[in-house]
Structure formats: structure tokens, C-alpha cells
Protein chains: 2
Amino acid sequence: MELHEARRAGLYNIGDVATRSGVTAKMIRHYESLGLVKEARRTEAGYRVYADVDVHTLRFIRRARDLGFSIRGIQQLLGLWQNRRRASADVRRVAQTHLDALDAKIRELQQMRATLEHLVHNCHGDSRPDCPILDELSARATED
Amino acid sequence: MELHEARRAGLYNIGDVATRSGVTAKMIRHYESLGLVKEARRTEAGYRVYADVDVHTLRFIRRARDLGFSIRGIQQLLGLWQNRRRASADVRRVAQTHLDALDAKIRELQQMRATLEHLVHNCHGDSRPDCPILDELSARATED
DNA sequence: TCTGAACCTTCCCATGATGGTAATGTCAAG
DNA sequence: CTTGACATTACCATCATGGGAAGGTTCAGA
């Protein structure tokens with residue numbers, strides 16, 4: 001197949017798909033190398049060729065990434081999405097696992113934030129050198 | 001210098017320092033290669049040798065890492081810590097920058113979390129295939 | 001004194017998701 | 001036929017950390 005034939009057949013090259021899906025061409029190739037999306041057909045010149053269904057799949061991937069799912073999680077979600085006999089419980093389990101991970105991460109960052117906020121709040125922030133931030137970081141023990 | 005002499009002089013090898021500072025030997029070497037800590041002296045056999053002041057510095061680094069500071073930020077903080085003519089305003093500026101970054105990251109994760117929570121909440125989680133989580137991910141447009 | 005465990009050294013590779021760049025080849029329009 | 005905008009692969013970088021291999025050192029105990 002050649003590219004102009006593919007175009008006439010309603011197919012896209014990687015740049016078109018990138019624009020339509022919101023996934024960069026770079027990442028599309030990367031996902032292919034990971035096996036997250038199946039290997040694209042090629043024109044005779046070696047250009048990747050895509051159809052609407054691929055755009056749809058890549059949008060799915062991008063939305064999942066936007067929700068912070070890992071490639072592993074997206075792999076699971078894609079598998080369930082493409083399996084009509086899936087149980088929604090399986091989907092929810094994957095999502096819940098990620099939700100728990102998000103919660104853990106948020107708590108971790110909030111803990112950092114609280115400590116740092118406290119320190120920043122207690123720092124004069126003037127021309128003098130004394131600074132509770134440095135005092136805390138150089139303290140002999142980890143206590144506040 | 002040989003190791004037993006160094007020990008008698010109150011110095012440590014990298015394993016001791018790792019234990020005392022809470023920074024792994026691996027990371028101590030890495031920080032040295034980055035220039036975050038100065039190059040350690042060596043015994044004649046090539047073993048790194050450290051003093052109490054180095055333990056102190058590495059603890060400082062570990063505490064800063066625990067607060068999520070980047071290597072770049074820690075470099076700045078170390079510089080200020082070791083500069084007696086620093087202005088606390090400079091320290092606070094570095095900390096505030098990181099605090100802002102933490103806030104941004106937390107908000108980003110909370111946004112993800114909220115969306116995902118909503119989806120998980122609306123998913124039956126039973127044996128049927130219909131699932132709002134997949135519906136959202138495969139939606140034609142990004143709206144809730 | 002020998003041996004083995006427990007250290008140390010350097011060097012390379014892996015993570016996860018993404019970006020950059022370079023060298024090279026193809027396509028489409030003027 | 002040239003030119004510019006595409007495409008291809010391959011490699012390197014990020015950020016902080018860990019793993020492991022291959023080899024040298026130290027030290028305690030038999």
C-alpha cells in the first residue's frame with residue numbers, strides 16, 4: 001500500500017493520529033514498542049498507517065494517562081475495555097487500586113507540605129541569617 | 001592512610017556513614033559524582049573516609065529529600081547553610097518555591113482523585129460489563 | 001597463616017513517561 | 001526537480017534510586 005491510497009481509504013499517518021488523539025507521534029511509537037497498542041500496518045515506504053479505531057484507542061490511553069494511570073494499569077483497562085464479557089467489578093478494582101495509590105501520594109505530599117509550610121511560616125525571611133528551615137534540616141534528630 | 005588508622009582517628013568508612021546518616025552508600029557515591037558533597041578522602045586502598053561533619057551534611061541532605069526537595073534545591077540549601085552571611089530571605093525563597101511546587105502537584109493529584117472517585121463511585125462493581133469508568137475513558141469528548 | 005564473610009571499589013543497566021536530536025528517507029506542491 | 005514538511009530508526013537525557021557483576025580489602029576466627 002502507498003500513502004495516497006491509504007488516505008483515500010480513510011486512513012491516517014502518525015501525525016494525523018497524533019493530532020486527533022492528543023498523543024504525540026513519539027509516544028504512539030513508544031506505546032507500540034511496549035505492546036500497549038498493536039503494531040501499526042505500514043505503507044510500502046514503511047510509514048505507519050492508522051484507522052479511526054486506533055485514534056479511539058489512543059484517546060482512551062490519553063484519558064487514562066490524564067487520570068494518572070500507569071502503563072500497566074492502562075494495559076489492564078484496555079484489556080477490559082476490549083472484552084465484552086468483562087465484569088465491571090474488575091474495572092472498578094483497577095480504578096480503586098489507582099485511587100488508593102493517588103490517596104497515598106497525596107497524603108505523602110500533604111505531609112511534606114505541612115512541615116514545610118510550618119517552617120516557611122516561621123522564617124523571618126529578612127537579611128539576617130537565622131532560619132528555622134535550616135535549623136530543622138540540620139537538627140541532630142528528626143523532630144519538630 | 002590506612003583504614004584502621006582512620007578508624008582510630010574517629011573517621012568512618014562509607015558503610016558507617018550510610019548507617020549514621022540514613023543515606024545509602026550507593027547514594028552517597030552518587031551525590032559525590034553530582035558534586036552535591038565534596039569528594040571524600042581515600043585510604044591507600046581507595047576506600048572513602050568520612051568525618052562527623054560529613055555525616056551531618058548527609059543527614060541534612062536526607063531531611064531535605066524527605067521534604068521532597070530536588071537535588072537542585074538541596075544544592076541551594078546546602079550553599080546557604082554553609083554560608084554564615086546568608087539572608088534567611090534567600091532560604092525562605094527556596095523553600096517557598098518548593099512549597100508552591102508541592103501545592104501544584106497536590107492540586108493536580110486531587111483533581112485526578114476527584115474525577116476517579118466519582119467514576120469509581122458510580123460503577124456498580126458487579127458481574128455486568130457496563131461501567132462508567134470505561135465509558136468516560138472512551139467518551140468522544142473530554143467532559144464529565 | 002589461611003580462609004571466609006563482610007566489606008569496599010567501579011561500571012553498567014533498569015526503572016517510568018516523556019522529550020530531544022541526528023541522520024536519513026518519503027511525500028506533495030510549486 | 002527542488003523544497004519543505006513530513007516520516008523512519010537510534011540514541012541520549014531527564015530524576016532519584018536500586019540492582020548486580022567482577023574484583024580488591026579488611027578482619028575475625030580456626
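It should be emphasised that the depicted structure is a prediction, and the values quoted were computed from it without experimental measurement. Every chain is numbered from 1, with letters handed out A, B, ... down the list of sequences.
Note on A:R29 versus A:E32: no salt bridge recorded, every NZ/NE/NH1/NH2 to OD/OE distance being 4.0 Å or above. Classification of A:D54 and A:K38 as a salt-bridged pair holds, one side-chain N sitting under 4.0 Å from a carboxylate O.
Taking every side-chain heavy atom of A:Y47 into account, C:dT26 is the closest of C:dC7, C:dT26, D:dT26.
Using a 4.0 Å cut-off, no side-chain N or O of A:R29 falls inside it from OP1 or OP2 of C:dA17. Phosphate contact (OP1/OP2 of D:dT9, side-chain N/O of A:R42, threshold under 4.0 Å): present. Close to C:dT9, at under 4.0 Å from its OP1 or OP2, lies a side-chain N or O of B:R48.
Helix bend of the helix from C:dT1-D:dA30 to C:dG30-D:dC1: the angle between its two end axes, each built from five pairs, comes to 30° after rounding to 10°.
Distance B:Y12 OH to C:dC8 P: 15 Å, rounded to the nearest Å. Between the NE2 atom of A:H98 and the C1' atom of C:dG16 there is a distance of 14 Å, given to the nearest Å. Counting to the nearest Å, the C1' atom of D:dA10 and the CD atom of A:E32 are 15 Å from each other. When rounded to the nearest whole Å, the span between CZ of A:F69 and C1' of C:dG16 equals 17 Å. The distance between atom CD1 of A:I28 and atom C1' of C:dG19, rounded to the nearest whole Å, is 15 Å.
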- Message: So if I define the base as every atom that isn't primed, P, OP1 or OP2, how would nucleotides 17-23 of chain D read as a B/S/- string at a heavy-atom cutoff under 4.0 Å?
- Response: BBBB---
- salt bridge (Lys or Arg N to Asp or Glu O under 4.0 Å) assessment of B:R63 paired with B:D66: CA-CA 5 Å; B:R63 291 216 181 81; B:D66 288 348; over 6 Å; no
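Below 30°, between 30° and 60°, or above 60°: for A:F60 and A:W81 the angle between ring planes is below 30°, a parallel geometry.
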